[in-house]
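Numbers restart at 1 for each chain; the letters A, B, ... are given by sequence-line order, proteins then strands. Only a predicted model underlies this, so the values are computations on that prediction, with no experimental measurement involved. These values consider heavy atoms only, across backbone and side chains, with no hydrogens, waters or symmetry-generated copies.
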Amino acid sequence: MSHAELPAALHGLMAEFETPTALVRAAEQARLAGYREMDAYSPIPIEELNEALGLRRTRLPKLVFLGGVIGGTAGYALQYWSQAMAYPMNIGGRPYHSWPHFIPVTFETTVLGAALACFVGMWALNKLPQPYHPVFNVPEFARASLDRFFLCIESTDPKFDREETARFLAGLHPVGVSEVAP
Amino acid sequence: MAPPEQPHQGRVTPPVIAPGHTFRSVTDKIGGIVLTKRTPIGWFVGFGIGFIFLLVLNVTIGNLLVTGIGIWGNNVPVGWAFDIINFVWWIGIGHAGTLISAILLLFRQQWRTSINRFAEAMTLFAVACAAMFPLLHTGRPWLAAYWLFPYPNTMGLWPQFRSPLIWDVFAVSTYGTVSLLFWFTGLVPDLATLRDRAQSKGVRRIFGVLSLGWRGSARHWHRYEMAYLLLAGISTPLVLSVHSVVSFDFAVSNLPGWHATVFPPYFVAGAIYSGFAMVMTLAIPLRKFYHLEDFITMRHIHNMTKVMLVTGMIVAYGYANEAFFAWYSANPYEAFMMSNRMTGPYALFYWTLIAINAVMIQLFWFRKVRDNIVLLFVLSLLVNVGMWLERFVIIVTSLHRDFLPSSWDMYAPTRWDFAMFTGTIGLFLSLFFLFIRFLPALAMFEMRTIVPEAKMEHEHRG
Amino acid sequence: MTAQTHDGAHLAAPRDIDGLRSRALIAGVVGLVGCGLGFVFDRDHFFRSWLIAYLLVLGIALGSMALLMIQHLSGGAWGVFRRVFEASSRTLPLLALMFLPIVLGMGTLYSWTHAEHVAADAILQHKAPYLNVPFFLIRALIYFAGWIGIAWTMSRWSRRQDEGDMSVNKRLQYLAGGGLVFYALASTFAGIDWIMSINPHWFSTLFGFIMVAGHGLSALSFTIVVSTFLSRRAPMENILKPSHFHDLGKLSLAFVMLWAYFNFSQYMLVYAANLAEEIPYFITRISHGWQYVALFLVVFQFIVPFLLLLSRDLKRMPHRLIWVSFALLAVRYIDLFLLVSPEFASTGANLHMVTGAHESHFYVHWLDLAAPLAVGGLWLWMFFTQLAQRPLVAFADPYLREAMESTGGH
């Protein structure tokens with residue numbers, strides 16, 4: 001980009017690719033070259049990127065399980081407390097703690113707890129919503145949600161060097177390499 | 001990975017997407033419907049019709065709140081009628097959306113991809129229509145929160161959790177919430193695409209806010225895919241539970257015709273059956289008027305027909321089962337209920353629903369029928385009628401002849417019953433037309449994953 | 001993709017199967033001797049125990065046949081298990097033979113076979129057009145004729161497919177469609193005839209679904225066990241991948257949940273309505289020691305396998321999954337035990353035939369071990385014999401390429 005006169009302040013360097021395969025290859029090579037602080041951007045989920053970027057398994061399933069347990073426990077406790085302790089009523093001679101009747105609501109609150117944990121957890125772990133992000137400063141990036149694939153090596157990477165990294169990215173046969181303003 | 005086109009049976013299975021599409025063509029086609037400045041005339045016509053009936057709904061609700069539920073035809077002994085018939089009908093229709101989104105995703109059925117988004121939207125709108133009825137049948141819906149939800153109040157009263165009506169409240173509200181979360185999660189990457197492609201600044205800003213700053217990061221996709229899968233896993237038992245709970249409304253009683261242990265799976269099958277019929281009813285005109293035949297292919301139509309065949313057969317099994325056990329139980333009340341259904345004053349309704357749900361669906365065995373779009377459209381409308389009649393028969397014929405002959409009576413809906421019912425259809429249509437105009441009706445990012453460009457090249461496979 | 005070009009000779013079953021087969025036969029013969037002793041000295045118990053063991057293996061065979069038909073209709077990634085399903089469904093002729101003791105024991109098992117009971121019971125008189133000996137036998141004949149006919153035809157056409165005759169593919173689909181309808185109806189009525197009518201007053205419209213869920217769970221568990229064994233040996237070691245077990249594991253999870261769903265629904269609805277014509281069935285099963293068996297099933301046929309099968313890793317590791325499936329098969333037996341046994345007094349007599357005694361106390365008889373050994377051993381012998389007869393992969397299956405390519409993203 002034309003920001004060469006602004007020194008130092010840079011989010012990173014971004015290479016643009018035409019196919020998912022090229023992006024995965026590039027990510028693999030960048031990782032082989034020792035880069036760690038980087039991210040890939042694509043208009044479709046690409047499973048192979050997880051390995052290429054060395055992403056760890058997400059904690060989300062544990063979170064969802066926890067949400068379900070909390071939801072279910074709370075649902076059953078609410079029913080037990082309100083029907084057997086706070087407001088006991090004789091309904092057709094059934095025991096106050098008539099557990100088969102409490103299962104449907106317990107199930108629903110379990111599901112609700114798990115789903116809320118999943119939804120909130122996923123967006124929170126992704127740190128979204130986020131009103132501003134440097135990658136959007138690159139004009140070509142508008143196609144990241146359409147048909148182009150991007151690899152961004154960030155300036156926080158210890159191996160990052162403005163010229164060296166740009167040369168490295170250019171060597172991966174991208175469509176172009178851009179500097180990402182912070 | 002498009003499934004191989006197998007030449008088995010000497011006939012090619014139609015593909016899930018027409019050949020020749022690219023990331024861009026798919027996005028342009030679907031996104032264009034939303035981003036275009038020109039709204040087709042047909043859209044105004046469709047929305048207008050829906051809106052007129054929505055106004056009918058408003059008038060009805062106004063009258064209902066002022067006058068009371070006495071404007072309905074409900075009586076003693078038929079204390080439940082159009083309100084719960086329509087509630088069950090709508091909630092059943094909603095089931096197909098979650099089924100397509102969740103269960104077919106778990107089973108890696110690629111054909112779900114182009115129909116999931118609008119089927120999910122259909123679910124939400126159907127749930128909204130369904131929720132009207134229990135809410136309004138309380139007569140004073142502004143007090144409903146206090147009657148229906150466990151709301152700590154100064155009188156120390158609590159809802160009665162042994163009642164399936166309270167289970168319904170939890171089931172339907174959970175279902176609505178989870179469906180909304182699922183739908184919105186699926187929309188976010190598409191909203192980001194629309195943000196990046198919008199021409200006007202205002203539109204870009206709206207989609208920018210809605211898309212939460214989505215940028216397609218691999219780290220995000222990684223968690224996103226996991227979350228989507230987990231939500232699918234959670235929704236699958238949920239969708240079964242919702243109509244089971246609805247069936248409990250009837251089955252926990254000891255009324256002949258209502259108390260049957262087969263009700264939960266039989267209701268769930270009926271719900272999926274009617275839901276797919278509604279998806280078909282919506283998909284056939286949608287693909288025609290927006291020229292989406294490349295995306296909603298004959299493969300989708302065939303598979304939806306097959307799902308309707310399977311679930312319809314389960315429903316038919318339920319009818320046969322009820323009839324057999326009415327005799328096998330040796331209970332005279334059960335036997336009378338069944339003979340009243342078959343030969344009593346509402347027998348015509350019973351035999352019509354049998355003709356549709358048990359006999360007519362046998363047509364779906366034939367490939368010729370599955371290939372005939374116009375016929376399928378008519379049949380899917382008939383299925384919706386048949387499933388409405390099923391609920392009518394279950395509810396009214398069981399109630400109008402109860403244990404005590406002195407309380408027997410007939411039920412006839414009033415014009416307000418019909419106004420309310422058609423009014424919810426208007427609400428549904430209005431919401432649906434707004435949806436296809438302002439949000440992508442097909443999941444663009446998922447459609448992109450099935451075009452040939454998305455296929456990874458592996459050196460070792462060549 | 002070598003499988004598509006070869007004639008299947010290299011896909012023959014591993015030799016170890018012969019060892020398993022003879023061991024199964026020995027176990028079966030030992031069990032049969034036990035059963036013979038039981039037949040002579042403890043006839044009432046023998047019939048009851050035989051019925052329970054019989055229902056378990058019948059469920060495996062029928063469930064396998066149903067899964068096979070679903071596979072023909074839907075395709076999908078589990079086509080690699082087709083030969084296991086086929087071998088299970090080809091055991092049905094043996095199962096028809098093993099039904100004979102139940103015919104012999106009708107007088108012990110079913111009170112409605114006795115004219116004097118029917119004469120004293122208005123409900124039994126009402127049901128007599130359905131519950132009578134000749135019609136019972138005719139129905140059994142129809143069930144077996146249909147089941148065996150379907151299994152045999154599918155097997156024959158499957159062989160034709162191996163030989164390269166692709167014209168059978170379409171016919172297989174039609175047969176599978178009609179076959180599933182027959183299977184569902186026959187299984188429902190067989191459940192009514194053979195289990196529900198032990199207590200001739202009781203009825204539940206959900207019973208057919210409970211039968212089918214049980215068949216599915218048994219068949220899936222059995223298929224996982226056999227396929228794990230095969231996956232450690234040539235030729236299947238290179239064909240069966242973790243993703244295939246993942247699919248079966250997911251289906252097992254689904255059936256565990258379905259089983260719980262059906263049984264809970266039935267229990268809750270009967271509990272809630274509390275009608276005199278339905279509730280005795282459950283009162284028997286939640287008292288006099290039977291409640292512990294019921295609780296055991298809740299824990300081990302639902303809660304524990306459900307939590308275990310939630311794990312993605314477990315489903316992808318056959319050497320761990322096999323233990324869950326083994327346990328599930330054992331629990332299936334206990335489930336059937338609870339369906340049948342509480343209707344019998346500890347003397348082995350049907351409660352509904354004993355005047356005065358209206359309570360059943362929990363008990364286990366030594367024949368409850370001998371009968372499954374006999375029935376299971378003989379059945380496994382037949383199963384392995386059938387399995388060894390065909391190449392282990394249905395290499396001409398039109399869906400097979402898709403199935404073998406599947407990597408199981410989820």
Student: Which one wins on heavy-atom pair count under 4.5 Å against chain A: B:S163, B:A192, B:A171?
Tutor: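 Maximum pair count with chain A is reached by B:A171.
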Student: Counting heavy atoms not belonging to B:Y151, are there more than 12 under 6.0 Å from its OH?
Tutor: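 Counting neighbours around OH of B:Y151, 12 or fewer heavy atoms of other residues, nucleotides or ligands fall under 6.0 Å, so no.
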Student: For A:W81, which atoms come within 4.5 Å of any heavy atom of chain B: side chain, backbone, both, or neither?
Tutor: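 Just its side chain gets close to chain B.
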Student: What heavy-atom pair brings A:I44 and B:A454 nearest, and what distance separates the two atoms?
Tutor: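 Shortest heavy-atom separation between A:I44 and B:A454 comes out as CD1-CB, 3.7 Å.
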Student: Would you mind checking which part of B:W158 comes under 4.5 Å of any heavy atom in chain A, side chain (CB onward), backbone (N, CA, C, O), both or neither?
Tutor: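 Both backbone and side chain of B:W158 come within 4.5 Å of chain A.
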Student: If you count heavy-atom pairs within less than 4.5 Å of chain A, which of B:P150, B:S244, B:P237 leads?
Tutor: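 With the most close heavy-atom pairs to chain A, the winner is B:P237.
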Student: Nearest 0.5 Å please: distance from the CD atom of B:E225 over to the CG atom of A:L60.
Tutor: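 Output value for this atom pair is 12.0 Å.
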Student: Check the pair A:N50, B:W221 against side chain to side chain contact (heavy atoms under 4.5 Å, CB included), reporting the backbone distance first and the verdict last.
Tutor: CA-CA 9 Å; A:N50 302 341; B:W221 276 125; over 6 Å; no
Student: Using a cut-off of under 4.5 Å on heavy-atom pairs, state which of A:D147, A:L78, A:T110, A:I91 scores highest against chain B.
Tutor: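 Ranked by contacts with chain B, first place is A:I91.
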Student: Under 4.5 Å heavy-atom distance to chain A, tell me which part of B:L157 shows up: side chain, backbone, both or neither.
Tutor: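 For B:L157, the contact with chain A is made by backbone and side chain together.
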Student: Pick one of side chain, backbone, both or neither for B:Y224, based on which atoms fall under 4.5 Å of a heavy atom in chain A.
Tutor: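 For B:Y224, backbone and side chain are both near chain A.
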Student: So which part of A:R148 gets closer than 4.5 Å to some heavy atom of chain B, the side chain, the backbone, both or neither?
Tutor: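 For A:R148, neither part sits under 4.5 Å from chain B.
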Student: Got B:F170 and A:T109 here, is their nearest side-chain heavy-atom distance under 4.5 Å?
Tutor: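 Yes. Closest side-chain heavy atoms under 4.5 Å.
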Student: Using the rule given for side chain to side chain contact (heavy atoms under 4.5 Å, CB included), can you reason through A:F136 versus B:R195, listing the C-alpha separation, both sets of side-chain angles and the distance that settles it, and then say yes or no?
Tutor: CA-CA 12 Å; A:F136 290 109; B:R195 169 199 67 200; 3.4 Å; yes
Student: For the candidates B:G213, B:G31, B:G216, which exhibits the highest count of non-hydrogen atom pairs separated by less than 4.5 Å from chain A?
Tutor: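 The answer is B:G216.
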Student: Tell me, out of B:F445, B:F248, B:Y228, B:Y175, who's got the most heavy-atom pairs with chain A below 4.5 Å.
Tutor: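 Looking at each option in turn, the highest pair count goes to B:F445.
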Student: Show the nearest heavy-atom pair for residues B:G156 and A:Y87, with the distance to one decimal.
Tutor: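 Heavy-atom minimum between the residues: O-CD1, 3.5 Å.
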Student: Could you check if a side-chain atom of A:V105 sits within less than 4.5 angstrom of a side-chain atom of B:F161, using non-hydrogen atoms only?
Tutor: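 With C-beta onward as the side chain, the pair touches.
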Student: How long is the gap from CE on A:M122 to NE2 on B:H220, to the nearest 0.5 Å?
Tutor: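 Rounded to the nearest 0.5 Å, the CE-NE2 separation comes to 10.0 Å.
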Student: Heavy-atom distance under 4.5 Å to chain A: side chain of B:T177, backbone, both or neither?
Tutor: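 Answer is side chain: those atoms of B:T177 sit under 4.5 Å from chain A.
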Student: Can you classify the ring geometry of A:H101 versus B:W167 as parallel (below 30°), tilted (30 to 60°) or perpendicular (above 60°)?
Tutor: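 Judged by the thresholds at 30° and 60°, the geometry between A:H101 and B:W167 is tilted.
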Student: Under a 4.5 Å cutoff for heavy-atom pairs, which residue among A:Q83, A:R143, A:R59 has the most contacts with chain B?
Tutor: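 Heavy-atom pair counts peak at A:Q83.
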Student: Let me confirm one number: the CH2-CG distance from A:W123 to B:L181, rounded to the nearest 0.5 Å.
Tutor: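 Reported to 0.5 Å precision, the distance equals 11.0 Å.
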Student: Given heavy-atom pairs under 4.5 angstrom as the criterion, report whether the side chain, backbone, both or neither of B:V209 touches chain A.
Tutor: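 Neither part.
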Student: Quick one: pull up OG1 in B:T22 and CG in A:L146 and give me the separation to the nearest 0.5 Å.
Tutor: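 CG of A:L146 is found 8.5 Å from OG1 of B:T22.
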Student: Relative to chain B, which segment of A:F149 carries a heavy atom at a distance below 4.5 Å: side chain, backbone, both, or neither?
Tutor: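 A:F149 touches chain B through side-chain heavy atoms alone.
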Student: So which residue, A:A86, A:G121, A:A144, A:P61, ends up with the most heavy-atom pairs under 4.5 Å with chain B?
Tutor: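 Counting heavy-atom pairs under 4.5 Å, the top option is A:P61.
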Student: Are there more than 12 heavy atoms of other residues, nucleotides or ligands under 6.0 Å from atom OH of A:Y80?
Tutor: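 No, not enclosed.
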Student: Using non-hydrogen atoms only, which part of B:Q160 is less than 4.5 Å away from chain A: side chain, backbone, both, or neither?
Tutor: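 Both parts, backbone and side chain.
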Student: Ignoring hydrogens, what is the shortest heavy-atom contact between B:T193 and A:S145? Give both atom names and the distance.
Tutor: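 Distance-wise, the nearest heavy atoms are OG1-O, 3.0 Å.
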Student: If you draw a 6.0 Å radius around NE2 in A:H97, do more than 12 non-hydrogen atoms from other residues or ligands fall strictly inside?
Tutor: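 Above 12, so yes.
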Student: Taking the side chain as C-beta and beyond, is there a heavy-atom pair between B:R215 and A:F141 under 4.5 Å?
Tutor: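 Yes - at least one pair of side-chain heavy atoms lies under 4.5 Å apart.
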Student: Which bit of A:V111 is near chain B, if near means a heavy-atom gap under 4.5 Å: side chain, backbone, both or neither?
Tutor: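 Both parts, backbone and side chain.
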Student: Chain B: which of A:P131, A:A142, A:C152, A:A40 shares the most heavy-atom pairs with it under 4.5 Å?
Tutor: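 If we count pairs closer than 4.5 Å to chain B, A:A40 comes out on top.
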Student: Do you see a donor-acceptor pair shorter than 3.5 Å between the side chains of A:E108 and B:S241?
Tutor: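 Yes, a side-chain donor-acceptor pair sits under 3.5 Å.
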Student: Is the count of non-hydrogen atoms from other residues, nucleotides or ligands lying under 6.0 Å from A:Q130 atom CD greater than 12?
Tutor: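 It does: A:Q130 CD has more than 12 such atoms within range.
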Student: Between CG of A:L128 and CG of B:L212, what distance do you get to the nearest 0.5 Å?
Tutor: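 Going from the CG atom of A:L128 to the CG atom of B:L212 covers 6.5 Å.
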Student: Just give me the residue among A:L116, A:L125, A:L49 that pairs up with chain B most often, heavy atom to heavy atom, under 4.5 Å.
Tutor: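 Option with the top pair count is A:L125.
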Student: Return yes when atom NZ of A:K127 has more than 12 non-hydrogen atoms of other residues, nucleotides or ligands closer than 6.0 Å, and no otherwise.
Tutor: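 Atom NZ in A:K127 is not crowded, with 12 or fewer foreign heavy atoms closer than 6.0 Å.
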Student: Run the numbers on B:H222 and A:L53 for side chain to side chain contact (heavy atoms under 4.5 Å, CB included), then give the verdict.
Tutor: CA-CA 11 Å; B:H222 179 45; A:L53 291 172; over 6 Å; no
Student: Taking B:R162 for its side chain and A:Y96 for its backbone only, find out whether a donor-acceptor pair lies under 3.5 Å.
Tutor: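 Side chain of B:R162 to backbone of A:Y96: a pair is present.
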Student: Under 4.5 Å between any side-chain heavy atoms of B:T449 and A:P45, yes or no?
Tutor: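 Side-chain contact under 4.5 Å: yes.
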Student: Given that the side chain runs from C-beta out, which part of B:P159 has a heavy atom under 4.5 Å from chain A: side chain, backbone, both or neither?
Tutor: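 Looking at B:P159, just its backbone touches chain A.
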Student: With a 4.5 angstrom heavy-atom cut-off, is it the side chain or the backbone of B:P189 that approaches chain A, or both, or neither?
Tutor: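 Interface part for B:P189: neither.
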Student: Considering all heavy atoms of both residues, which atom of A:L55 and which atom of B:A218 are nearest to each other, and what is their separation?
Tutor: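 Minimum heavy-atom separation between A:L55 and B:A218: CD1-O, 3.9 Å.
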Student: Less than 4.5 Å apart, side chain to side chain, heavy atoms only: is that true for A:T19 and B:E453?
Tutor: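 SC-SC contact between A:T19 and B:E453 ruled out.
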Student: Kindly give the heavy-atom pair with the smallest separation between A:C118 and B:L230, and that separation in Å.
Tutor: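 Between these two residues, the closest heavy atoms are SG-CB, 3.9 Å.
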Student: Check B:R219 against A:N126 and note the closest heavy-atom contact, atom names and distance.
Tutor: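 Between these two residues, the closest heavy atoms are O-OD1, 3.9 Å.
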